[in-house]
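Not measured: the values here are computed from a predicted model. Worth knowing before you read on, the calculation uses all heavy atoms, side chains too, and leaves out hydrogens, waters and symmetry mates.
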Amino acid sequence: MTRAVYRFVEHTIRHEPAGGVTYELFCTAPACGEESGPQEAQETAQDWALRHTGLNPGHDLFRRVFTDHARVSRAE
C-alpha cells in the first residue's frame, strides 16, 4: 500500500501593475469586424470607437476587452 501526504498551501492572485493593461474595442455590427487593436490607453480605444460610429451610422455597439497581468504568490 502506498501512502501519500498532501500539503495544501494557500496562494493569492493579484493584478501586477508592472505588466500593464491593454484596452481593445470590437465593433459588433453585422459583417463589420473592425477593431481598435490593443491600446495602452483606454481613451485611445474609446476615441477609435467614437470615430468608427461617426463614420459608420448604426455601428454603435462594441465589445470591450481589458487585459491585465496577474501574479500568483504564496500566502505567508
Side-chain angles (χ1 to χ4, degrees):
M1 174 180 200
T2 304
R3 300 182 107 199
V5 175
Y6 292 98
R7 181 173 163 240
F8 295 96
V9 178
E10 300 250 344
H11 287 80
T12 59
I13 185 168
R14 295 199 171 110
H15 168 70
E16 176 55 56
V21 177
T22 57
Y23 306 89
E24 293 182 78
L25 282 106
F26 300 83
C27 181
T28 61
C32 180
E34 297 226 10
E35 59 187 68
S36 67
Q39 305 295 322
E40 291 184 12
Q42 184 174 4
E43 293 78 18
T44 307
Q46 290 176 167
D47 288 347
W48 173 85
L50 294 168
R51 281 192 311 275
H52 183 74
T53 298
L55 296 171
N56 303 281
H59 292 226
D60 57 359
L61 185 62
F62 297 85
R63 180 170 51 93
R64 293 192 303 181
V65 176
F66 304 92
T67 305
D68 73 342
H69 293 80
R71 182 173 304 280
V72 174
S73 303
R74 192 176 197 161
E76 309 252 351

Quiz item: Is a donor on one side and an acceptor on the other found under 3.5 Å between the side chain of Thr28 and the backbone of Leu61?
Solution: yes
Quiz prompt | Separation between CD of Glu43 and CG of Leu50, rounded to the nearest 0.5 Å | solution = 11.5 Å
Quiz item: Looking at CZ of Arg14 and OG of Ser73, how far apart are the two atoms once the value is rounded to the nearest 0.5 Å?
Solution: 7.5 Å
Quiz item: Say you draw a straight line from CZ of Arg71 to CD of Glu16; how long is it, rounded to the nearest 0.5 Å?
Solution: 4.0 Å
Quiz item: In Å, rounded to the nearest 0.5 Å, how long is the span from CD of Glu34 to CG of Leu55?
Solution: 9.5 Å
Exercise. Please report the closest heavy-atom contact between Gln46 and Leu25, naming both atoms and the distance.
Key: N-CD1, 3.9 Å
Self-check item: CZ-OG1 distance between Phe62 and Thr53, expressed to the nearest 0.5 angstrom
Solution: 3.5 Å
Self-check item: Inter-residue atom distance Cys27.SG - His52.NE2, 0.5 Å rounding
Solution: 3.5 Å
Quiz item: Taking side chain as C-beta onward, heavy atoms only, is His15 less than 4.5 Å from Val21?
Solution: yes
Quiz item: Between Ser36 and Glu24, what is the shortest heavy-atom contact and its length?
Solution: OG-CA, 3.5 Å
Exercise. Over all heavy atoms of both residues, which pair between Tyr23 and Gln42 is shortest? Give the atoms and the distance, please.
Key: CD1-N, 3.4 Å
